[in-house]
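Below is one structure; the comments refer to it alone.
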Amino acid sequence: PSCRRYVAGGRCKSTARLEGKVVIITGGNTGIGKATARDLAQRGKVIIACRDIAKGEAAASEIRAETGNQQVIVKKLDLADTKCIREFAEKFLAEEKELHVLINNAGVMLCPYSKTADGFEMHLGVNHLGHFLLTFLLLECLKQSAPARIVNVSSLAHHGGRIRFHDLHGEKSYNRGLAYCHSKLANVLFTRELARRLQG
């Protein structure tokens, strides 16, 4: 049990309320994202941004029933398609005046070799580049809504990553485990640089 608790990581003990705040969580329809969306829905408005609207609505419906919060909204976001990312951001900025928390959580793991709509290797494209673009498009809104925060979900797998600039999209050689590790390292490097640039 203690080993399982350690691997599971910490538990959020905060009772902070988020009334009047807006949260976006990518991939909030399943796994860690769904658990996070459920917790945040007890505090305020949550927008679940996900590829599969039907699965998103099923998760949101469950979360609404559990928390009694009707402000759990599902929006279409396919991180493997920059056109879809731009459309999501455009609609969000037209509908909402503020954004207080952006949680870049969605991801793919260990998929066979494939490419995004824009020709990026799938792990790098979805896990890093898609979130990079989304963050960039929403950054001014986040700054204007300060205090705000960006949370990038990574993994201990980043320790096995290397940014292979000579073969960024795995066209010369591909290993799906390493591709995942590379994308998680990109998340960590992105987070550190973002923190440096947004200090204060």
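By the criterion of side-chain heavy atoms lying less than 4.5 angstrom apart, applied directly or through intervening Ile, Leu, Val, Met, Phe, Trp or Tyr residues, L133 is grouped together with L102 in one hydrophobic cluster. Under the 4.5 Å side-chain heavy-atom criterion for Ile, Leu, Val, Met, Phe, Trp and Tyr, L178 and M109 are members of distinct hydrophobic clusters. Tracing side-chain contacts under 4.5 Å through hydrophobic residues (I, L, V, M, F, W, Y), one reaches L138 starting from V22; they form part of the same cluster. Criterion: ILVMFWY side-chain heavy atoms under 4.5 Å apart, direct or through other members. Under it, L142 and L198 are part of a common hydrophobic cluster. By the rule that hydrophobic residues join a cluster once side-chain heavy atoms approach within less than 4.5 Å of another member, L77 and L139 end up as members of one cluster.
Partners of F136 according to the ring-ring contact (aromatic ring centres under 6.0 Å, His included) rule, which considers only residues two or more places apart in sequence or in another chain, do not exist here. The side chain to side chain donor-acceptor pair (under 3.5 Å) test applied to D118 returns T82, not counting sequence neighbours. When the side chain to side chain contact (heavy atoms under 4.5 Å, CB included) test is applied to I32, the partners found at least two apart in sequence or on another chain are T36, N105. Looking at residues two or more places apart in sequence or on another chain, you find a side chain to side chain donor-acceptor pair (under 3.5 Å) between E96 and K45.
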Walk me through whether K115 and E171 qualify under side-chain contact (heavy atoms from CB on, under 4.5 Å). CA-CA 10 Å; K115 288 187 171 183; E171 288 160 328; 2.4 Å; yes

Assess the residue pair M122 and Y113 against the criterion (side-chain contact (heavy atoms from CB on, under 4.5 Å)); give the C-alpha distance rounded to whole Å, side-chain angles, the decisive distance to 0.1 Å, and a yes or no. CA-CA 7 Å; M122 193 60 74; Y113 189 77; over 6 Å; no

Determine, step by step, whether F190 and T135 satisfy the side-chain contact (heavy atoms from CB on, under 4.5 Å) criterion, reporting the C-alpha distance in whole Å, the side-chain angles of both residues, the deciding distance to 0.1 Å, and the verdict. CA-CA 11 Å; F190 173 46; T135 303; 4.0 Å; yes

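Here the OG1 atom belonging to T26 is positioned 11.0 Å from the CD1 atom belonging to I48, to the nearest 0.5 angstrom. To the nearest 0.5 Å, atom CG of residue L134 and atom CG of residue L129 are 12.5 Å apart. Going from atom CD1 of I150 over to atom NE2 of H131 covers 11.5 Å, rounded to the nearest 0.5 Å.
Smallest separation of non-hydrogen atoms from N69 and A41: ND2-O, 2.8 Å. Heavy atoms only, all atoms of each residue included: N187 and N127 are closest at ND2-O, 2.9 Å. Of all non-hydrogen atoms in C50 and G56, the two that sit nearest each other are SG-CA, 3.6 Å. Here the closest non-hydrogen pair linking K34 and N29 is CD-O, 3.6 Å. Across every non-hydrogen atom of V108 and Y180, the tightest pair is O-CD1, 3.5 Å. Taking every heavy atom of both residues into account, H182 and G161 meet most closely at ND1-CA, 3.6 Å.
Between I163 and L185, some side-chain heavy-atom pair lies under the 4.5 Å cut-off. No side-chain heavy atom of L79 sits under 4.5 Å from any side-chain heavy atom of T116.
With hydrogens and angles disregarded, no donor-acceptor distance shorter than 3.5 Å links the side chain of K75 to the backbone of I24. Although no hydrogens or angles enter the test, the distance criterion places no donor-acceptor pair under 3.5 Å between the side chain of S155 and the main chain of K184. With K76 contributing its side chain and A49 its backbone, the two residues share no donor-acceptor pair below 3.5 Å. S145 contributes no side-chain N or O that, together with a main-chain N or O of E98, makes up a donor-acceptor pair within less than 3.5 Å. With hydrogens and angles disregarded, no donor-acceptor distance shorter than 3.5 Å links the side chain of K97 to the backbone of C141. No side-chain donor-acceptor contact under 3.5 Å links H128 to the backbone of L124. A donor-acceptor contact shorter than 3.5 Å links the side chain of R64 to the backbone of V72.
Between E62 and R38 there is a salt bridge, with a side-chain nitrogen of the basic residue lying less than 4.0 Å from a carboxylate oxygen of the acidic one.
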Taking distance alone, no hydrogens or angles, what donor-acceptor pairs closer than 3.5 Å link side-chain atoms of residues 83-94 to residues at least two apart or in another chain?
unit_1	atom_1	unit_2	atom_2	d
K83	NZ	E87	OE2	3.2

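Sorted by first then second residue, the salt bridge (charged side-chain N to carboxylate O under 4.0 Å, His left out) pairs that include residues 191-200, not counting sequence neighbours, are E193-R196, E193-R197.
Annotation: R164, atom CZ; neighbour count of heavy atoms from other residues, nucleotides and ligands within 6.0 Å is above 12.
Checked by atom type, the side-chain pair Y174/H123 shows a donor-acceptor distance below 3.5 Å. N104 and N152 are linked by a side-chain donor-acceptor pair at a separation below 3.5 angstrom, with hydrogens and angles left out of the test.
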